[in-house]
Number of protein chains: 2
Amino acid sequence: MPAPATFLSYIDDHAEGFIQRLAEAVAIPSISGNAAHRQDVFRMGAWLQGQLNILGVQTKSVDLGRHVMDGQELPLPPAIFGRIGDDPKKKTVLIYGHYDVQPAEKSDGWDTEPFKLVVDSTSGRLIGRGSTDDKGPILGWLNVLEAHKSLGLELPVNLRFCFEGMEESGSEGLDELIASEAAKGKDGWFGGVDCVCISDNYWLNTRTPCLTYGLRGLAYFKVTVSGPARDLHSGAFGRSVHEPMTDLALLMSKLVAPDGTILVPGVDEMVATASAEERAIYEALDYDIKDVEESAGAPIAISSDKATVLMGRMRYPSLSLHGIEGAFYGAGAKTVIPASVSGKFSIRLVPPQTPDKVEPLVIEYLKAEFAKLNSKNKLKIENLHGGKPWVADHRHWNYEAAKRATEAVYKRSPDLTREGGSIPVTLTFAESLNVNVLLLPMGRGDDGAHSTNEKLDRSNFIEGSKLLGTYLYEVGADA
Amino acid sequence: MPAPATFLSYIDDHAEGFIQRLAEAVAIPSISGNAAHRQDVFRMGAWLQGQLNILGVQTKSVDLGRHVMDGQELPLPPAIFGRIGDDPKKKTVLIYGHYDVQPAEKSDGWDTEPFKLVVDSTSGRLIGRGSTDDKGPILGWLNVLEAHKSLGLELPVNLRFCFEGMEESGSEGLDELIASEAAKGKDGWFGGVDCVCISDNYWLNTRTPCLTYGLRGLAYFKVTVSGPARDLHSGAFGRSVHEPMTDLALLMSKLVAPDGTILVPGVDEMVATASAEERAIYEALDYDIKDVEESAGAPIAISSDKATVLMGRMRYPSLSLHGIEGAFYGAGAKTVIPASVSGKFSIRLVPPQTPDKVEPLVIEYLKAEFAKLNSKNKLKIENLHGGKPWVADHRHWNYEAAKRATEAVYKRSPDLTREGGSIPVTLTFAESLNVNVLLLPMGRGDDGAHSTNEKLDRSNFIEGSKLLGTYLYEVGADA
Ligand SMILES: [Zn+2]
Ligand SMILES: [Zn+2]
Ligand SMILES: [Zn+2]
Ligand SMILES: [Zn+2]
């Protein structure tokens, strides 16, 4: 069922008003990671709740308690739950978004004031912190609600909303809230939810809409080699004691090969090789080695084979060495033998890998390699944190609906993508509600979320609002 | 020729006065590395020059110009030249010392005020910054001069002095000054110098006096691997690009083995293996594996063979990995792929190695190893700084004199030691004046130069003053 023409033209006709509303939202510096801005996050939550109420959504602000940040105890911004529609004949779609943003200061290198939405009419860019991550997409949903309310149109589905204000700072309290709400079953706010739609990621490039059906998980390790009681002078001790850095460099060199192969036995082997059919998906993506190299800023792709490079990012696990804690890290030439050094590395996981399955392999391997060194230093391995990977069934009606909606609005089929990073709430919804979760991005790959000069293209905001609405009609048609 | 008994008893009888003078010197916080204390360094130089003049030494304060430190242009503290005696029938001994000190604040962990000399009568320690490095030894020479002047004794040798105020901060300007002064030949302040004595190092342990006849040199390298234009997120880029840290960890792992063997071809090979006779010197040293482990604070000696451990420190080159610049070094778990990372390592050199001979071996090897990685990242190798090793002939009359003096004062033969670190001025004197240089320590191995609670044992100060005077008599006897 296509969206009504009146809905689509309402969006076009009210674009200026929508941009004005986005400017209001961007003007509230709801930085969750800075204690000094905590009240702004609350203000943003209240603003959002007010908008939802005006548009006919019943809401509830859920207190998530308090936490400690920067040495201060602070109240957590609330989760904003919303519901509109209770027709048992309709499908029920749960929408997630976050109303907090990353820090931003003009002095970081912004060309404009980060918390003043600048409409660049030449480039068509709406520039400001939160424009694409994640206020633009949230406001896309408001635009859909406003159109229906103003036009007197019935929504094609029942909607539930879950908006949080701590996504950029670890989503504190959210997992527990979702789990406990899901446990209430029909009586909870998520009762009857048939599918979830999250708009908090991006197209791979600047051209082609996509649907994202997979995210990698993570297992983050710290491997510490300790020797002397304190840092030593390399003149006085060099070649008379076992040096922790020597041992650690050797251990770190045995984790991953320059071509990306993970050297920890059993880790790569856990993942099935891509079939020819699956490989074809990556061959067909509108994303190329040169796109990867352009975004990395250098011709350093791991392979000259496109599918290898894209599958390396999306479909296979990866192991990255991040750095060393405890060693000399400054400029200049210090002749220290550091007493205790900790290598940091992480493995991005894909199904069927989980942190629990990978951890013993890493620990056993590092212990065995360390034993080979015959060092008198001490070894300690810690798993700092982790998260499971997520892959959804992209043949599900939820994805089919999003595919038809994309074709209707953008006149082209979306790419089906997996992402290399993590959005932990995705897995939480999938596991707690046991329904299909769709990642339906609004913005482009060059939006610069978390970076300076974050932007959302005007066309992505407007066509994206049409996309979200059309997606609801396509889901509704499936009922 | 033994020192006269009157000299020895003068030193004993005037110990309290000598300690009082040391307290005066320690009270001047002549920290060369802190711009805020630069005037104190000047004050210390003037104090020292005044003391020398009172004791009959002709002096000259040599302006060394200006330099920039902590972003400020500052005047360099002067070198203080001194001369006493011009008898052509006597030998001429050049004495070096430095009147600046390392920084120290009570809050660093000192038990007492660092710039107030505390006499601990229980332990016999004289505690304070500079007590052993290097004000104590300088004042030892003043004690010798005072005894001779008060007793009306003729000095057994002609003396020349060279004291500097920037040793703890790179000895700026000193090398050039020594070279230009040496070039003046007989007309310069160093004209006619027969040997040099430097008292600015320590016994190996707390028991046995030593003479030091060797110091290792240094070649400090920075190896940089660069890839992307900026730091990348490991989720979005892991296994799709060549990661600089992966390459660098591999390169660093190929430099040195856990047992201390240097893996750069040609570097260890440049040094002859110790003969059985030479090995016996190390076997005989009053310094054991347990001393090394005690000072390292852990049982991490590179070998269970004493001579191997001591030769590793003193007689063979060593390669230490110091750290990485540009990688993640903080606490916590950051999932960054650093764009450009620089490994820092240095090689301590022994004859016949020099920075110039070692550098091409290191560069060629790292380039070859990097080529094997098939990485698209870029490699850069820099030699940050270096210095040649120094070894003196310990059968020279200068050492024989010091040996006899030690036997006379301490009733035991000194250990003959080489040190793992560097005192660059040693080599400068040896090469500029082409005479034998002796390192004749006053303090003990646990004095804590550069550390908190720096001390000089009262007995080392008093017996050490006798040692310095007696050494002059033994040199004089040789004329
Ligand atoms: Zn986001
Ligand atoms: Zn974000
Ligand atoms: Zn010193
Ligand atoms: Zn020093």
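We name chains A, B, ... by the order of the sequence lines, and we start the count at 1 in each one.
When heavy atoms are compared at a cutoff of 4.5 Å, B:Leu319 approaches chain A solely by way of its backbone atoms N, CA, C and O. Only the backbone of B:Pro299 comes within contact range of chain A, with at least one heavy atom under 4.5 Å from a heavy atom of that chain. For A:Ile324, the parts sitting under 4.5 Å from any heavy atom of chain B are the backbone and the side chain alike. Looking at B:Leu232, only its side chain comes within 4.5 Å of chain A, counting heavy atoms on both sides. When heavy atoms are compared at a cutoff of 4.5 Å, A:His242 approaches chain B by way of both its backbone and its side chain. Only the backbone of A:Ala257 comes within contact range of chain B, with at least one heavy atom under 4.5 Å from a heavy atom of that chain. For A:Arg348, the part sitting under 4.5 Å from any heavy atom of chain B is the side chain, from C-beta outward, and nothing else. In this structure, no portion of A:Pro244 lies under 4.5 Å from any heavy atom of chain B.
Across all their heavy atoms, B:Gly238 and A:Ser320 have their closest contact at CA-OG, 4.2 Å. Summarising the geometry of A:Asp247 relative to B:Pro258, their closest heavy-atom pair is OD1-CB, 3.8 Å, with the distance given to 0.1 Å. The nearest pair of heavy atoms linking A:Ser234 to B:Ser318 is O-OG, 4.2 Å. Residues B:Ala249 and A:Leu321 share a closest heavy-atom pair of CB-CD1, 3.7 Å.
One finds the OG1 atom of A:Thr335 at 7.0 Å from the NE2 atom of B:His385 (value rounded to the nearest 0.5 Å). For the atom pair CG of B:Asp231 and NE2 of A:His322, the computed distance is 12.0 Å after rounding to the nearest 0.5 Å.
Contacts of A:Asp133 classified as salt bridge (charged side-chain N to carboxylate O under 4.0 Å, His left out), with partners at least two apart in sequence or in another chain: none.
Highest contact tally toward chain A, considering only B:Leu215, B:Thr261, B:Leu248, is held by B:Thr261 [criterion: heavy-atom pairs under 4.5 Å]. Your options are B:Gly297, B:Ser342, B:Ser253, and the one with the most heavy-atom pairs under 4.5 Å with chain A is B:Ser253. Taking A:Tyr220, A:Tyr316, A:Phe345 one by one and counting their heavy-atom pairs under 4.5 Å with chain B, the maximum is reached by A:Tyr220. In terms of heavy-atom pairs under 4.5 Å with chain A, the best-connected choice from B:Ala298, B:Pro338, B:Gly330 is B:Gly330. When B:Asp268, B:Asp259, B:Leu251 are compared by the number of non-hydrogen pairs under 4.5 Å with chain A, B:Asp268 comes out ahead. Comparing A:Thr246, A:Val336, A:Ile300 by how many heavy-atom pairs each has under 4.5 Å with chain B, the most go to A:Ile300. Interface remark: of the candidates B:Gly420, B:Ser422, B:Gly326, B:Ser346, B:Gly420 forms the most heavy-atom pairs closer than 4.5 Å to chain A. Between chain B and the residues A:Ala331, A:Gly260, A:Gly323, A:Ser240, the largest count of heavy-atom pairs under 4.5 Å involves A:Ser240. Counting heavy-atom pairs closer than 4.5 Å to chain A, the top residue among B:Gly312, B:Ala327, B:Ala339 is B:Gly312.
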Practice problem: Could you check A:Ser295 against B:Phe237 for side chain to side chain contact (heavy atoms under 4.5 Å, CB included), going step by step and ending with a plain yes or no? | Solution: CA-CA 9 Å; A:Ser295 57; B:Phe237 287 92; 3.3 Å; yes
Quiz item: Please walk me through it: do A:Val256 and B:Arg239 pass side chain to side chain contact (heavy atoms under 4.5 Å, CB included)?
Solution: CA-CA 10 Å; A:Val256 59; B:Arg239 207 164 188 160; over 6 Å; no
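By the 6.0 Å contact criterion, OH on B:Tyr329 is open, its count of non-hydrogen atoms from other residues, nucleotides or ligands being 12 or less. Within 6.0 Å of CD in A:Glu359 there are more than 12 heavy atoms belonging to other residues, nucleotides or ligands.
Among B:Val309, B:Val292, B:Ile302, the one residue that satisfies the side-chain contact (heavy atoms from CB on, under 4.5 Å) test with A:Val241 is B:Val292.
The contact list for residues 222-229 of chain B toward chain A, using heavy atoms and a distance under 4.5 Å, reads B:Gly227, B:Pro228, B:Ala229 by residue number. Taking 4.5 Å as the heavy-atom cut-off, the residues of residues 369-381 of chain A that approach chain B are A:Leu373, A:Lys376, A:Asn377, ordered by number.
For residues 305-318 of chain B, the pairs satisfying salt bridge (Lys or Arg N to Asp or Glu O under 4.0 Å) are B:Glu278-B:Arg315, B:Arg279-B:Asp305, B:Arg313-B:Glu419, with sequence neighbours left out.
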